[in-house]
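What you see is a predicted model, and the numbers here were worked out from it, not measured in a lab. Counting starts at 1 for both ligands and their atoms, in listed order. No hydrogens, no waters, no symmetry mates; every other heavy atom, side chains included, goes into these values.
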Amino acid sequence: MASLLSYCTIYPLCICATYKFQEVGRMIGVTLLKQFGWKADLRNPDLEIFVHLNDEYSVVGIPVFRLPLSNREYIKTAGLRSTIAWAMASLAEISAGAFVLDPMCGLGTILLEAAKEWPNVHYLGTDVCDSQLQGACENVKAADLMDKIELLKASVIALPFPSESIDVVISDVPFGKKFTITKDIKLVPDILREMERVLHVGGTVVLLLSQDPHKYVDGPIANYVENDASVNITSDGTNKTVTATDSNPREENGSPQSISSNKNMEREPHDNKMKCFGSLVLVNSHGVSLGKTNAFICKYKKMPTSEVKSILK
Ligand SMILES: C[S@@+](CC[C@H](N)C(=O)[O-])C[C@H]1O[C@@H](n2cnc3c(N)ncnc32)[C@H](O)[C@@H]1O
């Protein structure tokens, strides 16, 4: 083996406090040189080595294909990384005949991924930006999914759908980096309130949130439910239990590479306590890498109000 690229992807919950990823790459390169006589060649490598480290384990792999896993021949212009979009859809418990909405659909990646995997479903996408909707429309046409995905211009805080008419909401909330956060969606609670309105009881919301909104969801957002927003979901014989578990087996088996299965990244907020936003109960969250940034996929279930109230008594 003449040359070697030591390529490291490291998530912030790992050893970053001690080493930078370049240092780890160098250490691995030096070790391989000593052990096998392989030389590092970053420009024209024969072999690429992927190392993923976190607090609990390390994974060393060699990419089998030249193309990234997220490459899709049916997506003309990519928005959100398609592996993340697929993972979000796989958590959402989409069933045949359901109405699935992405209220900030951008170029429509989530809808495209979902429609390819779960075809017998009504998909709806809204966005306030004409150019994004135009791009989404071209993507939908190119993927030949016009009969499955409908696009509309609307704001996420004033959706043109009746209350309780949607089964699943999946969305990639803008972080304010690539997409500016428009004035009307400054507050995550406003977004959640409208999603809660259109969702029917038993429905699911899956959101991609940056770390900051995630912290916010864990904190003050809980005040939306009066008194105490924490709902104990453990079945200890004495406490009331909310059954808001994820029944989709794909969550365990089908997670793509960019989802961390690290227990530290799969957060059950406040040690077995669930957070509520009105009737939306936070079920779980998963840390994911978007390359330069990290984010959380947060899953909520809409519970009957009476059930949430009785739990909070
Ligand atoms: C992070 S991007 C979504 C990217 C999308 N997942 C994709 O794959 O292309 C967020 C989107 O929210 C849209 N947006 C911003 N404010 C909005 C609002 N008030 N209502 C609906 N959409 C909004 C932006 O136009 C942008 O397309």
Side-chain angles (χ1 to χ4, degrees), residues 68-92 94 100-117 123-143 145 148-161 166 168-199 205-214 217 256 258-259 286 288-299:
L69 191 63
S70 56
N71 255 46
R72 301 287 196 262
E73 44 146 40
Y74 52 84
I75 297 186
K76 196 174 165 215
T77 314
L80 176 65
R81 194 180 287 190
S82 49
T83 42
I84 302 286
W86 183 91
M88 290 172 74
S90 78
L91 291 169
I94 299 171
V100 174
L101 167 70
D102 180 351
M104 291 173 282
C105 69
L107 299 175
T109 322
I110 295 171
L111 299 169
L112 293 165
E113 282 297 300
K116 281 283 175 191
E117 188 81 45
Y123 291 99
L124 303 159
T126 62
D127 203 290
V128 279
C129 175
D130 288 327
S131 62
Q132 290 289 298
L133 280 171
Q134 180 61 35
C137 189
E138 283 161 19
N139 273 342
V140 170
K141 273 192 198 146
L145 289 168
K148 301 201 188 304
I149 302 175
E150 199 179 325
L151 300 167
L152 299 164
K153 185 169 180 178
S155 173
V156 63
I157 57 159
L159 293 167
F161 307 114
I166 302 290
V168 172
V169 175
I170 316 177
S171 208
D172 166 16
V173 179
F175 297 176
K177 287 186 181 158
K178 191 166 160 195
F179 293 91
T180 42
I181 300 176
T182 52
K183 217 168 63 195
D184 51 350
I185 60 160
K186 274 245 156 63
L187 298 172
V188 175
D190 292 341
I191 300 176
L192 280 177
R193 196 171 283 118
E194 184 64 346
M195 289 177 177
E196 182 197 18
R197 180 187 71 77
V198 296
L199 195 70
V205 176
V206 176
L207 298 180
L208 185 68
L209 295 166
S210 74
Q211 282 165 315
D212 289 339
H214 183 270
V217 167
S258 0
I259 285 217
H286 304 264
V288 290
S289 168
L290 302 176
K292 284 184 185 153
T293 50
N294 291 321
F296 285 89
I297 299 177
C298 300
K299 174 174 169 176

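- Looking at heavy atoms from C-beta onward, Gln132 lies in side-chain contact with Leu107 at the 4.5 angstrom threshold.
- Ligand 1 does not have Ser171 within reach: every non-hydrogen atom of the residue lies 4.0 Å or more from it.
- For atom 27 (O) of ligand 1, the choice among Leu111, Ile75, Leu112, Asp127 with the nearest heavy atom turns out to be Asp127.
- For the pair Glu196 and Arg193, the salt-bridge criterion is not met [side-chain N within less than 4.0 Å of a carboxylate O].
- Contact check for Ile94 versus Ile170: side-chain heavy atoms found under the 4.5 Å cut-off.
- Residue contacts with ligand 1, taken as heavy atom pairs separated by less than 4.0 Å, involve Pro103 solely via the backbone atoms N, CA, C and O.
- Under a 4.0 Å heavy-atom criterion, Thr126 is not in contact with ligand 1.
- Those atoms of ligand 1 that come under 4.0 Å of a heavy atom in Gln132, given as number and element, are 27 (O).
- Val156 has its side chain out of reach of Glu194: every pair of non-hydrogen atoms, C-beta onward, lies at least 4.5 Å apart.
- Proximity of Met104 to ligand 1, defined as any heavy-atom pair under 4.0 Å, is shared by backbone and side chain alike.
- Contact annotation: for Ala154 versus ligand 1, heavy atoms closer than 4.0 Å belong to the backbone alone.
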Subject >> side chain to side chain contact (heavy atoms under 4.5 Å, CB included) between Leu145 and Tyr123, worked out >> reply: CA-CA 10 Å; Leu145 289 168; Tyr123 291 99; over 6 Å; no
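- The ligand atoms of ligand 1 that sit less than 4.0 angstrom from a heavy atom of Gly106 are 5 (C), 9 (O), 27 (O).
- For the pair Lys299 (side chain) and Leu91 (backbone), a donor-acceptor distance under 3.5 Å is present.
- The backbone N or O of Trp86 sits nowhere less than 3.5 Å from a side-chain atom of Glu117 that would complete a donor-acceptor pair.
- Each of the following atoms of ligand 1 lies closer than 4.0 Å to a heavy atom of Leu80: 6 (N), 7 (C), 8 (O), 9 (O).
- Among Leu107, Asp102, Ile157, Val156, the residue whose heavy atom lies nearest to atom 20 (N) of ligand 1 is Val156.
- Using a 4.5 Å cut-off on side-chain heavy atoms (C-beta onward), Thr109 and Asp102 make no contact.
- Within the set Cys105, Ser82, Gly79, the minimum heavy-atom distance to atom 5 (C) of ligand 1 is found for Cys105.
- Below 4.0 Å from some heavy atom of Cys129 lie the following atoms of ligand 1, by number and element: 25 (O).
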